[in-house]
Protein chains: 2
Amino acid sequence: MTQLTDLKSRGHSLTKARKALVELLDVSQKPLSAMDLVAVLFERGLKVNKTTVYRELKFLVEQGLICEIDLGEGNKRYEAVPTSHHHHIVCQQCNAVTCLDMEDELHLMEQQITDRTGFVIAGHDLKFFGLCPTCVVLAAETTA
Amino acid sequence: MTQLTDLKSRGHSLTKARKALVELLDVSQKPLSAMDLVAVLFERGLKVNKTTVYRELKFLVEQGLICEIDLGEGNKRYEAVPTSHHHHIVCQQCNAVTCLDMEDELHLMEQQITDRTGFVIAGHDLKFFGLCPTCVVLAAETTA
DNA sequence: GTACGTGCAAACAGTTTGCATCATG
DNA sequence: CATGATGCAAACTGTTTGCACGTAC
């Protein structure tokens, strides 16, 4: 896993914006959008231009420190590179995001698909939508 | 499956744009974006404003005649409502789209997830990326 | 004449680009 | 001083909205 400190050896600085972005994503429980990050940085007194944030995010993805995900909201979200590739389930009520690892099942699927279709599979994108345990309870109470 | 003719009984007209959109999606081998559709309609001599296309697509989704998919390109694509819910594999080389049905496997996964996390799952989004059989051959030839 | 349908211009969100400037090895 | 980092305004893409007009039962 690429570290912030690795950037230095590649001739890049550890600027405050850069460090702050990686740290924010590291501690965030849910993936954040570029505009989320601009807002959070601002709240913390660190005024970083949105252009810079977009550029940094792109850079950090290229450098392998963070990754980009698409939850189908019409924008991208970013998260710290996880220990392993994984998947998300999004609560349709409260937007909570939980991570899942379905890699084993997906690899089996991919094998099947290659056998059946001849496609060579390079990657996948899997997400689930539903209600988180909390919202399930709330929904049940409202209906009852 | 909702039909074009069903719209009439619900008090909607079968306008030329509406019919053309459904027919185009019906015969298309790959999901099309709103702008694709504007262009194709234009080529066929049917000048329909993009606003109308966006509004029609939204309407047709609501009416259950077509469905909206997101292949992660930063826009939406539309396809005729398939006989069953299904998934896509996109060729990263030529953008060919092939449909797959992984519903059985996904339902098993969803059961597991509910058991493990307490999330109640309402839906999912699964797509694969890779090389279609044709592009695999081309890639092999280039490398060799 | 009351919904529905359409077109056009403008707005909008998310993102990217051009350009000038600053900072640092 | 060369490269990387930053800010600002403007552009751009996909999409939506406001409003006026047109159409059909």
Side-chain angles (χ1 to χ4, degrees), chain A residues 2 4-24 31-42 44-63 65-79 95, chain B residues 2 4-23 25 31-42 44-63 65-79 95:
Chain A
T2 315
L4 251 186
T5 49
D6 297 337
L7 295 184
K8 223 161 185 172
S9 54
R10 291 179 213 152
H12 298 286
S13 334
L14 269 57
T15 61
K16 55 182 170 31
R18 187 161 291 167
K19 278 201 298 193
L21 284 172
V22 175
E23 282 160 18
L24 279 182
L32 301 173
S33 71
M35 294 310 263
D36 286 345
L37 287 161
V38 172
V40 176
L41 289 176
F42 185 81
R44 307 205 170 182
L46 191 51
K47 261 167 266 173
V48 184
N49 193 278
K50 63 179 177 178
T51 307
T52 305
V53 170
Y54 280 109
R55 270 192 296 231
E56 276 307 318
L57 290 171
K58 190 177 180 186
F59 170 79
L60 292 168
V61 168
E62 283 163 7
Q63 298 291 322
L65 276 86
I66 65 175
C67 66
E68 190 181 76
I69 64 171
D70 183 348
L71 260 25
E73 309 154 303
N75 60 11
K76 306 282 189 205
R77 288 180 173 270
Y78 298 86
E79 58 182 5
N95 293 314
Chain B
T2 314
L4 251 186
T5 48
D6 296 337
L7 295 184
K8 227 164 181 169
S9 54
R10 292 180 213 152
H12 298 286
S13 335
L14 270 56
T15 61
K16 56 182 168 34
R18 186 162 292 169
K19 277 201 299 193
L21 284 171
V22 174
E23 282 159 19
L25 293 176
L32 301 173
S33 70
M35 294 311 262
D36 287 345
L37 287 161
V38 171
V40 176
L41 289 176
F42 186 81
R44 307 204 169 182
L46 192 51
K47 262 168 266 175
V48 185
N49 193 278
K50 63 179 176 177
T51 307
T52 304
V53 170
Y54 280 109
R55 270 192 296 231
E56 275 308 317
L57 290 172
K58 189 177 179 186
F59 170 79
L60 292 169
V61 168
E62 284 162 6
Q63 297 292 322
L65 275 86
I66 64 175
C67 66
E68 190 180 74
I69 63 172
D70 183 348
L71 261 25
E73 309 154 304
N75 60 11
K76 305 285 187 200
R77 288 180 173 270
Y78 298 85
E79 60 182 5
N95 293 314

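Remember, predicted model here, so these are calculated numbers, not experimental data. Chain naming here is simple, since letters A, B, ... match the order of the sequence lines and numbering starts at 1 in each.
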Checklist entry - Of the candidate nucleotides dG4(D), dT16(D), dT15(C), which contains the atom at the shortest distance from the side chain of H12(A)? => result dG4(D)

Next on the checklist: Can you tell me how far apart CZ (F59(B)) and CG (L7(B)) are? Round to the nearest 0.5 Å.
Outcome noted: 5.0 Å

Item to check | Contacting residues from residues 54-62 of chain A, given that a heavy atom lies under 4.0 angstrom of DNA chain D | outcome: R55(A), E56(A)

Checklist entry - Nearest of dC4(C), dT6(D), dA5(D) to any side-chain atom of S13(A)? => result dA5(D)

Checklist entry - How far apart are the closest heavy atoms of R77(A) and P31(A), and which atoms are they? => result NH1-O, 2.6 Å

Checklist entry - Base, sugar-phosphate alone, or nothing: which one does K47(B) contact when heavy atoms must sit under 4.0 Å apart? => result sugar-phosphate

Checklist outcome for this item: With the side chain defined as heavy atoms from C-beta on, R18(B) is closest, among dG14(D), dG5(C), dG7(C), to dG5(C)

Checklist entry - Separation of L14(A) atom CG from dG4(D) atom C1', in whole Å? => result 13 Å

Item to check | Whole-Å distance separating the CG atom of L32(A) from the C1' atom of dG14(C) | outcome: 16 Å

Checklist entry - Are side-chain heavy atoms of Q63(A) and D6(A) found at a separation under 4.5 Å? => result no

Item to check | Pairs meeting criterion salt bridge (Lys or Arg N to Asp or Glu O under 4.0 Å) with involvement of residues 9-20 of chain B, two or more places apart | outcome: R18(B)-E56(B)

Next on the checklist: Does any part of the side chain of V61(B), heavy atoms only, come nearer than 4.5 Å to the side chain of Y78(B), both counted from C-beta?
Outcome noted: yes

Checklist entry - How long is the gap from CD on E23(B) to CG on L25(B), to the nearest 0.5 Å? => result 10.5 Å

Checklist entry - Starting at CZ of R10(A) and ending at C1' of dT3(D), how long is that distance when rounded to a whole Å? => result 17 Å

Item to check | Nucleotide dT16(D), atom P - distance to CG of N75(A) in whole Å | outcome: 14 Å

Checklist entry - Can you name the closest pair of heavy atoms from K76(B) and G72(A) and give their distance? => result NZ-O, 3.6 Å

Item to check | Closest listed nucleotide, where the reference is the side chain of K50(B) and the choices are dG5(C), dT16(D), dG18(C) | outcome: dT16(D)

Next on the checklist: Using OP1 and OP2 only, check whether a side-chain N or O of T52(B) sits under 4.0 Å from dG7(C).
Outcome noted: yes

Checklist entry - Hey, does L57(A) have a side-chain heavy atom less than 4.5 Å from the side chain of L37(A)? => result yes

Next on the checklist: If you compare every side-chain N and O of T15(B) against the phosphate oxygens of dT6(C) (OP1, OP2), does one of them come in below 4.0 Å?
Outcome noted: yes

Next on the checklist: With rounding to the nearest 0.5 angstrom, report the CG to CD1 distance, L32(B) to I66(B).
Outcome noted: 10.0 Å

Next on the checklist: If the cut-off is 4.0 Å, is N49(A) near the phosphate of dT6(D), judged by side-chain N/O to OP1 or OP2?
Outcome noted: no

Checklist entry - What's the NZ-C1' distance between K19(A) and dG4(D), to the nearest Å? => result 17 Å

Item to check | Helix axis bend for the helix from dG1(C)-dC25(D) to dG25(C)-dC1(D) - C1'-based end axes, five pairs, 10° rounding | outcome: 10°

Next on the checklist: Working to the nearest 0.5 angstrom, can you tell me the gap between L24(A) CG and L46(A) CG?
Outcome noted: 9.0 Å

Checklist entry - For L37(A) and dT15(C), what is the distance between atoms CG and C1' respectively, to the nearest whole Å? => result 14 Å

Item to check | Residue met sooner reading DNA chain D from 5', once E73(B) and K8(B) are mapped to nucleotides | outcome: E73(B)

Checklist entry - What integer distance in Å separates K76(A):NZ from dA13(C):C1'? => result 14 Å

Checklist entry - Under 4.0 angstrom, heavy atoms only, what part of the nucleic acid is T51(B) near: base, sugar-phosphate, or nothing? => result base

Checklist outcome for this item: Taken to the nearest whole Å, CG/D70(B) to P/dT15(D) is 9 Å

